Amino acid sequence: MEFRDLKTQYKKLKEEVDASIIKVMEQAKYISGPEVKELETALAEYVGTKHCITCANGTDAMELILRAWGIGEKDAVFVPSFTFMSTAEVVATVGAQPIFVDIDPDTFNMDPQHLEHMIIQTKQDSKYNIRAIIPVDLFGLPADYDQIGPIARKYSLKILEDGAQGFGGAIRGKRACSFGDAATTSFFPAKPLGCYGDGGAMFTDDDELAALLRSLSVHGKGAEKYDNIRIGRNSRLDTIQAAVLKIKLKAFLEYELEAVNKLADEYNKRLYGIVKTPKIPEGYYSSWAQYTILLKNEEQRYDLRTKLNGQGIPVMIYYQKPLHLQTAFAYCGVKVGTLPVSEEVSRCVLSLPIHPYMSKEEVFQIFNIIKGCSIKNLV
Ligand SMILES: *Cc1c(COP(=O)(O)O)cnc(C)c1O
C-alpha cells in the first residue's frame, strides 16, 4: 500500500501529462511560457480571487507576501505551532518575530481564543509591532476564518492564509486560498494539488499587492524586464510544471477531490468510536491532505504504528515536534508546557494513507487492523 500514490496517478494521466510536457519542450518557452499564464487564470478562477501569481515554491510564496507588506524587524507575526516549518520560518527569514499560537485539538488548526490571548500579551509587551496572522489550513481543512477574521480586524492585523495543504477545501462554498488578505499554496508533489518538483502560488484580490508580488518574484522588475525598480529575487514556476499542473488540476477537480472525501467518509464511519477521528466543522470542507487520527498517548501510537507497519501499511507522524520546541526557534524562548495542546497532539497524532487512487477495500483493511489490535481504550 502507498501512503500517497503518485505513481498510479501518473499512470492514469500519463498520455495527457506526457503530451503537455513535450509541447513545452518543443515550444522551448521554458520560463514564463504561455502555460504559466493559463494556469494562473484557471487557479484564480477556481479559488475565486482576482489574482494568482505562481512562484517557485510555497515557502517563497509566503515570504514574498510578508516582504510585500513590508514586514520585517521589530514586527510580530502570529503563527500556529503545530504546522510545517515554513509557516514560522518565513517570518524569521524577513527578520520578524514569530509568535506561536496553540491549536484546537479537534481540528488541529489555530485556536482563535489563544490567538487573541497572544495578541493582547504581545501588545502589552510592546517589544514588537503586531502585523499579521498566518493561519494554516492544516491537513486540508480551512482554519477557523469565521473567528480569526473578526480578531484580525479588531487589532488591524493582516491575514496570510497558508493554504499549502488546503487547496480544494472550502467554507460554505467559499474556496480555500481566498480567505486572507493574501493566500498561498504549494505544489510540492505530495500536496493535494502537486506538480513534479517544486512550485507555489500566491492569491489576492488586491491589485497593488499583486503587481508588487509580480515584481518581487522577478528581480524587482518595473514595467520592463530589465528595468529594476526594487530588490527582488528569482522565484518563478517552470513552464513544464505549469504544463503538468494544467492536467493535474483537471483531474483534481473532476474526481480526485471527491475521491479523497469519499475515502475520508469511509474512514470516519469505520473508525468512529474506535479512535479519535478528525473533526470537520459544520459548513467546512477538507481537501484531505492528510487523514490524521489522535491516540490517547505516545505508547498507544507507537503500538498502533508498529502494528500497521508490520502489515505493510505506511503511516506518518505529522508533526513529531511543534515549532516552538524546534532547535531553530530556541531563540524565541518559548518554554515546554507553554502550548499544551500542540505539545500533547504531537505525541499522539498518526496520519493514515489517503489519496485519490486508494480503494475503499484498503480503508477497510486498515480499519480491521486497528479494530483487531489489542490496544485498550483507544478513544
Ligand atoms: C508544504 C508546506 C509549506 C511549504 O511549501 P513548499 O512548496 O514545500 O515550500 C508551507 N506550509 C505548509 C503548512 C506546508 O505543508
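The structure presented is a predicted model; accordingly, all values stated were derived computationally and were not measured. Order of appearance sets the numbers: ligands from 1, and atoms from 1 within every ligand. The chain is numbered in sequence order, starting from 1. Computed from heavy atoms alone, side chains included, the values below leave out hydrogens, waters and symmetry copies.
- Annotation: K191 places an N or O atom under 3.5 Å from an N or O atom of ligand 1; distance criterion only.
- In D162, the part holding a heavy atom less than 4.0 Å from any atom of ligand 1 is the side chain.
- Contact between M62 and ligand 1 is present, with at least one heavy atom of the residue lying under 4.0 Å from the ligand.
- Taking only nitrogen or oxygen atoms, main chain and side chain alike, S186 reaches within less than 3.5 Å of ligand 1.
- Looking from atom 10 (C) of ligand 1 to the surrounding protein, the closest heavy atom is S86 CB, 3.5 Å.
- Hydrophobic clustering of Ile, Leu, Val, Met, Phe, Trp and Tyr side chains at less than 4.5 Å, counting indirect connections, keeps I247 apart from L249.
- More than 12 heavy atoms of other residues, nucleotides or ligands shown are found within 6.0 angstrom of CD on E2.
- Taking the centre of each ring, F167 and F252 come in below the 6.0 Å mark.
- Considering backbone and side-chain atoms together, T59 places an N or O closer than 3.5 Å to an N or O of ligand 1.
- Cation-pi check for K12 over Y255 is met; the charged atom lies under 6.0 angstrom from the ring centroid and within 45 degrees of its normal.
- Here is the list of ligand 1 atoms found below 4.0 Å of a heavy atom in V136: 13 (C).
- Of the N and O atoms on the side chains of K74 and Q97, not one donor lies less than 3.5 Å from an acceptor on the other residue.
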